[in-house]
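Encoded as structure tokens, the structure appears first; notes follow it.
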Amino acid sequence: MSLDSKKIPRFRLYREIERGEFFVVFGDTAQGGVDKNFTQFASKTKLDIPLVMSMRGVAAEATPYIHQALEWIYDKTGVKPVFAFETNNGGSSEMYRLMQMNNGKYELYRGYKANSRERSDKLGWDTNESSRAKMLGEWKIAFDNQQIKLYDDETIEHHQTFITNTRGRPEADANTHDDGVMSCAGVNQLLRTENPTIETDSSAIVDSGISSFIY
């Protein structure tokens, strides 16, 4: 697969992907209309987002492209990326669809049980009022301190029109979109918790020890 943006305009690639890089990937889902399915492909190795996917339609239409991109990343890096859709707007069912499509080239994110460090059985990222406040608050710190390098103009434009309304709730300004912000906030959560795994000959899973972004 090639991610040539001229051939596949849904993708925007800003640098070469290197062998050994570890990626976490987050997809902000859409219900169609003017909203977009917005997916950020973040390198935990280099702390940047060199690949972005942006496309209109529903989550089900985005899934085949994301599946191909995840496999492409694995073929480039030799390291399984970790992916999460937010579970709203059809993301939950699409996570299970990806589980069926997966040929072992990527991992699917499972959240944590309440008040626990134990993984849940549920696939995907649950965006609710509590998790939304947490992810946006932590992303604001990372964004303001330029902890993650952004290249994508559309993503940056969404940040420029993201405001706090009169009720104190962060959201997109009138007639603008927040997809680029929410997808960055989501991928930032994965950067904080996910690490690459290596399968040994005995099939044991070991952590590679990359934890530079966890704080």
Side-chain angles (χ1 to χ4, degrees), residues 1-13 17-33 35-45 49-112 119-127 152 179-180 182-191 193-200 203-205 207-208:
M1 175 189 176
S2 170
L3 289 183
D4 186 337
S5 61
K6 294 180 181 178
K7 297 178 180 178
I8 311 179
R10 300 168 183 83
F11 288 96
R12 298 188 286 269
L13 179 63
I17 306 304
E18 298 180 7
R19 197 76 180 166
E21 281 190 78
F22 172 57
F23 277 82
V24 293
V25 185
F26 186 93
D28 182 64
T29 51
Q31 290 181 309
D35 285 335
K36 291 183 177 181
N37 296 280
F38 222 101
T39 305
Q40 306 283 351
F41 296 74
S43 169
K44 187 164 182 175
T45 309
I49 303 178
L51 177 62
V52 175
M53 191 196 83
S54 172
M55 64 173 287
R56 288 192 170 90
V58 297
E61 295 174 273
T63 296
Y65 296 101
I66 290 171
H67 167 73
Q68 291 179 59
L70 293 170
E71 290 198 331
W72 179 81
I73 286 174
Y74 176 78
D75 291 341
K76 283 279 190 178
T77 65
V79 181
K80 293 181 183 181
V82 176
F83 175 75
F85 263 133
E86 69 160 336
T87 56
N88 300 325
N89 299 329
S92 181
S93 60
E94 291 308 300
M95 286 294 291
Y96 283 94
R97 183 180 172 199
L98 281 168
M99 182 173 68
Q100 295 174 333
M101 297 169 70
N102 188 4
N103 292 318
K105 291 188 174 183
Y106 52 86
E107 303 286 350
L108 296 174
Y109 174 83
R110 296 179 187 269
Y112 293 90
R119 293 281 185 173
S120 167
D121 292 331
K122 183 178 179 181
L123 292 171
W125 174 267
D126 182 19
T127 304
D152 186 62
D179 314 300
M182 295 306 298
S183 53
C184 281
V187 86
N188 182 51
Q189 292 298 302
L190 272 58
L191 283 167
T193 63
E194 304 309 299
N195 288 302
T197 54
I198 301 169
E199 294 187 12
T200 66
S203 298
I205 304 297
D207 192 299
S208 72

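Worth saying up front: this structure is predicted, and the values here are computed from it rather than measured. Heavy-atom basis, side chains included; hydrogens, waters and symmetry copies ignored.
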Quiz item: So Thr77 and Glu18, side-chain contact (heavy atoms from CB on, under 4.5 Å) or not? Walk me through it.
Solution: CA-CA 6 Å; Thr77 65; Glu18 298 180 7; over 6 Å; no
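- The two residues Gly57 and Ala30 have their closest heavy-atom pair at O-CB, 3.6 Å.
- Between Asp152 atom CG and Ser183 atom OG the span is 9.0 Å, to the nearest 0.5 Å.
- If you take CZ on Phe11 and CD on Gln68, they are separated by 7.5 Å, rounding to the nearest 0.5 Å.
- Between Arg12 and Leu51 the shortest side-chain heavy-atom distance does not fall below 4.5 Å.
- Note that CZ of Arg10 and CZ of Phe38 are 14.5 Å apart. Values are rounded to the nearest 0.5 Å.
- In this structure, CG on Asp28 lies 12.5 Å from CH2 on Trp125, to the nearest 0.5 angstrom.
- Side-chain contact of Glu61 with Asn37: a donor-acceptor pair under 3.5 Å is absent, judged by distance alone.
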Practice problem: May I have the step-by-step check of side-chain contact (heavy atoms from CB on, under 4.5 Å) for Thr63 and Met101, ending in yes or no? | Solution: CA-CA 10 Å; Thr63 296; Met101 297 169 70; 3.9 Å; yes
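- Counting heavy atoms from C-beta outward, Tyr65 and Thr39 have side chains that stay 4.5 Å or more apart.
- Looking at Asn88, its side chain does come within 3.5 Å of a backbone N or O of Thr127 through a donor-acceptor pair.
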Quiz prompt | Leu98 and Tyr106: CA distance, side-chain angles, deciding distance, side-chain contact (heavy atoms from CB on, under 4.5 Å) verdict | solution = CA-CA 10 Å; Leu98 281 168; Tyr106 52 86; 3.6 Å; yes
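- Nearest heavy atom pair, residue Gln40 against residue Gly180, reads NE2-O, 3.7 Å.
- The two residues Ile49 and Cys184 come nearest to each other via the heavy atoms CD1-SG, 4.1 Å.
- Note that CG of Asp75 is 8.0 Å distant from CZ of Arg19, once rounded to the nearest 0.5 Å.
- A 4.5 Å side-chain heavy-atom check between Lys105 and Leu70 finds every atom pair outside the cut-off.
- Side-chain contact between Tyr109 and Val24: absent, with no pair of heavy atoms (C-beta onward) separated by less than 4.5 Å.
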Quiz item: Is there a side-chain contact (heavy atoms from CB on, under 4.5 Å) between Met95 and Thr87 once you walk through the steps?
Solution: CA-CA 8 Å; Met95 286 294 291; Thr87 56; 5.5 Å; no
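- Within the 4.5 Å cutoff, no side-chain heavy atoms of Ile17 are placed close to those of Phe41.
- Separating the CZ atom in Arg97 from the CD atom in Gln100 is a distance of 9.5 Å, to the nearest 0.5 Å.
- Salt-bridge formation is not detected for the pair Lys36/Asp179: no Lys NZ or Arg NE/NH1/NH2 atom is positioned less than 4.0 Å from an Asp or Glu carboxylate oxygen.
- Ser43 and Pro50 make their closest contact through N-CD, 4.3 Å (heavy atoms, listed as atom of the first residue, atom of the second, distance).
- Using a 4.5 Å heavy-atom cutoff, the side chains of Glu107 and Thr197 are in contact.
- Counting only N and O atoms by type, the side chains of Thr29 and Glu86 include a donor and acceptor under 3.5 Å apart.
- Paired with Glu194 under the rule salt bridge (Lys or Arg N to Asp or Glu O under 4.0 Å), one option of Lys44, Arg119, Lys80 passes, and it is Arg119.
- The shortest distance between side-chain heavy atoms of Arg110 and Leu123 falls below 4.5 Å.
- Residues Thr45 and Gly20 come closest through the heavy atom pair OG1-O, 4.1 Å.
- Only one option out of Phe22, Phe26, Phe23 pairs with Val82 in a side-chain contact (heavy atoms from CB on, under 4.5 Å); it is Phe22.
- In plain terms, the two heavy atoms of Glu21 and Val79 that are nearest each other are O-CB, 3.5 Å.
- The shortest distance between side-chain heavy atoms of Phe83 and Ile73 does not fall below 4.5 Å.
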